[in-house]
There are 2 protein chains.
Amino acid sequence: MSLPHAILTALLEKPSSGLELTRRFDRSIGYFWPATHQQIYRELGKLEQAGFIRALPSERPARGQKKEFEVLPAGRAELTAWASGEQDTKPVRNALVLRLRAAAVVGRAGLDDELRRHLTLHQRQLAEYEEIDSRDFGAVADPEDRLRRLVLRAGIGLETFWVQWLEEALAEVADMDAEADGEAGSGADTGVRAGE
Amino acid sequence: MSLPHAILTALLEKPSSGLELTRRFDRSIGYFWPATHQQIYRELGKLEQAGFIRALPSERPARGQKKEFEVLPAGRAELTAWASGEQDTKPVRNALVLRLRAAAVVGRAGLDDELRRHLTLHQRQLAEYEEIDSRDFGAVADPEDRLRRLVLRAGIGLETFWVQWLEEALAEVADMDAEADGEAGSGADTGVRAGE
DNA sequence: AAGATCATGTAAAGAGTTACATGATTCG
DNA sequence: CGAATCATGTAACTCTTTACATGATCTT
């Protein structure tokens, strides 16, 4: 149940329309809690019905017309309550790591490419985070920004870890392929069927 | 669409019943792709219907009776195909980090406790991984085990990162609280309402 | 006027979670 | 025999994803 609270946080930082929220989720908050515009519109509807937010008065409220929301006192209270309690830790799922285990059983065909692809993605994300870091957090003083920087440092740390791990994994796989070549004497056998 | 492939991998490693699979998911594969017994039973039904696995012949196939599954050639082919292609990277969601952003807006009440709680959880998981590492991977030689060890090292690296980050976060928050005390001159104000 | 883009939405399918139901076996 | 445990399953719900629908505004 974190999406509504992510939205409340975003709206407290700055009242926004559904599409504006969607864009902001693509950048900052969405790094740790991504959401599509469909999820956001649905959740905005629920939050409005619950009395946590309200649409700012507009001349012509209609479909296709921008509709801005702001957080009501009840919404702030809800967020405060949520932020004071315990979060239930959601399980982590990672398909790439799963694939490594599959490769141990059905062979390493294509594994190298996939590791490289992920390495590029993580390097890119890391660069993005570091750019934000140097742009937004030069000399940090106030508590709000210190907390937000902690969030960013989580992102940087995670991406750094993945880059390192992927480089290690690539080296390891290359080494395995080299050994397989040496033993079998064959040429470009990337589809080694280990575990058979 | 990774759960069926996680199950195929597990069944190739060793044919199992639904409950046995559930237990194995609690330990090894489940570290990166957790699943409950309900998910597993449902998926086993689908995999069987698709002709990817079959139930080993049993004397009395009935409800409440153990039912073991093994992977058929079509299932192996499916897993091989999946493992050779690109995985779509699933978005990462992290409620704790979200909570930090919320704390930047509605205050840090209870934040310290929550960080400490997560620190304990991650320390425990790290210890578990390291125990597995020293128990199962003494001198590694064959490719299958080298790949499985890479998986484990991903777990160890991730948990190590979180432990470090949480310690850093705790220190930072403590420092903020100390400063708030100094400025306001008040006593134990952990509910500082930043951003108001 | 046509096309691109902004903006809000609906529908349906898929994945994951929670609660409950039921039969078989084992142990005191 | 009764209780605990092993084992398989159903049902209902929530959350997420994907595809599509529709109106408003701006540009050429």
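Here the structure is a predicted model, which means the values were calculated and not measured. Values reported hereafter were calculated over all heavy atoms of this structure, with side chains retained and with hydrogens, waters and symmetry mates removed. Numbered from 1 within each chain, the chains take letters A, B, ... in sequence-line order.
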Enquirer: Using whole Å, what does the distance between atom P of nucleotide C/dT8 and atom CG of A/L19 come to?
Expert: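 After rounding, the reported distance stands at 6 Å.
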Enquirer: Do the rings of A/Y129 and A/Y31 sit parallel, tilted or perpendicular, given the 30° and 60° boundaries?
Expert: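 Answer is perpendicular, since the angle exceeds 60°.
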Enquirer: Report the distance from atom NE2 of B/H5 to atom C1' of C/dA15, rounded to the nearest whole Å.
Expert: 15 Å
Enquirer: Can you tell whether the side chains of A/R23 and A/E20 come within less than 4.0 Å, N to carboxylate O?
Expert: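 No.
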Enquirer: Expressed as a whole number of angstroms, how long is the span from A/R23:CZ to C/dA7:C1'?
Expert: 9 Å
Enquirer: Take atom OH of B/Y41 and atom C1' of C/dC20, then tell me their distance rounded to the nearest Å.
Expert: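 After rounding, the reported distance stands at 15 Å.
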Enquirer: Are more than 12 heavy atoms from other residues, nucleotides or ligands located less than 6.0 Å from atom CZ of A/R24?
Expert: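 Yes, because the 6.0 Å sphere around CZ of A/R24 holds more than 12 heavy atoms from other groups.
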Enquirer: What I'd like to find out is whether the side chain of A/R99 reaches to under 4.5 Å of the side chain of B/S2, using heavy atoms alone.
Expert: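 Not touching, per the 4.5 Å side-chain cut-off.
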Enquirer: Knowing that exactly one of B/L8, B/L47, B/L79 qualifies, which makes a side-chain contact (heavy atoms from CB on, under 4.5 Å) with B/V71?
Expert: B/L8
Enquirer: Is there a side-chain contact between A/D142 and A/R146, using heavy atoms and a 4.5 Å cut-off?
Expert: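 A side-chain contact under 4.5 Å is absent here.
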Enquirer: For A/R93, look at atom CZ and say whether over 12 heavy atoms of other residues, nucleotides or ligands are found less than 6.0 Å away.
Expert: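 Count over threshold, so yes.
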Enquirer: Could you state the NZ-C1' distance from B/K67 to C/dG23, rounded to the nearest angstrom?
Expert: 14 Å
Enquirer: Determine whether a donor-acceptor pair (N or O, by modelled atom type, separation under 3.5 Å) exists between the side chain of A/Q49 and the backbone of A/K46.
Expert: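 Not confirmed, A/Q49 side chain does not pair with A/K46 backbone.
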Enquirer: Does a donor on one side chain sit under 3.5 Å from an acceptor on the other, for B/Q87 and A/H118?
Expert: no
Enquirer: I need a per-nucleotide contact map over nucleotides 13-19 of chain D, read 5' to 3'. Cutoff is protein heavy atoms under 4.0 Å; write B for the base, S for backbone only, - otherwise.
Expert: --SBBBB
Enquirer: Rounding to a whole Å, what distance do you find between B/D26:CG and D/dA7:P?
Expert: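 Going from B/D26 (CG) to D/dA7 (P), I get 14 Å.
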Enquirer: Using a 3.5 Å limit for the pairing distances, which stems of at least 3 consecutive Watson-Crick or G-U wobble pairs does DNA chain D take part in?
Expert: C:1-28 with D:1-28
Enquirer: Once you round it to whole Å, what is the distance between P of C/dC6 and CD of A/E68?
Expert: 16 Å
Enquirer: Using whole Å, what does the distance between atom P of nucleotide C/dA7 and atom CZ of A/F69 come to?
Expert: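 Spelled out: CZ on A/F69 to P on C/dA7 is 14 Å.
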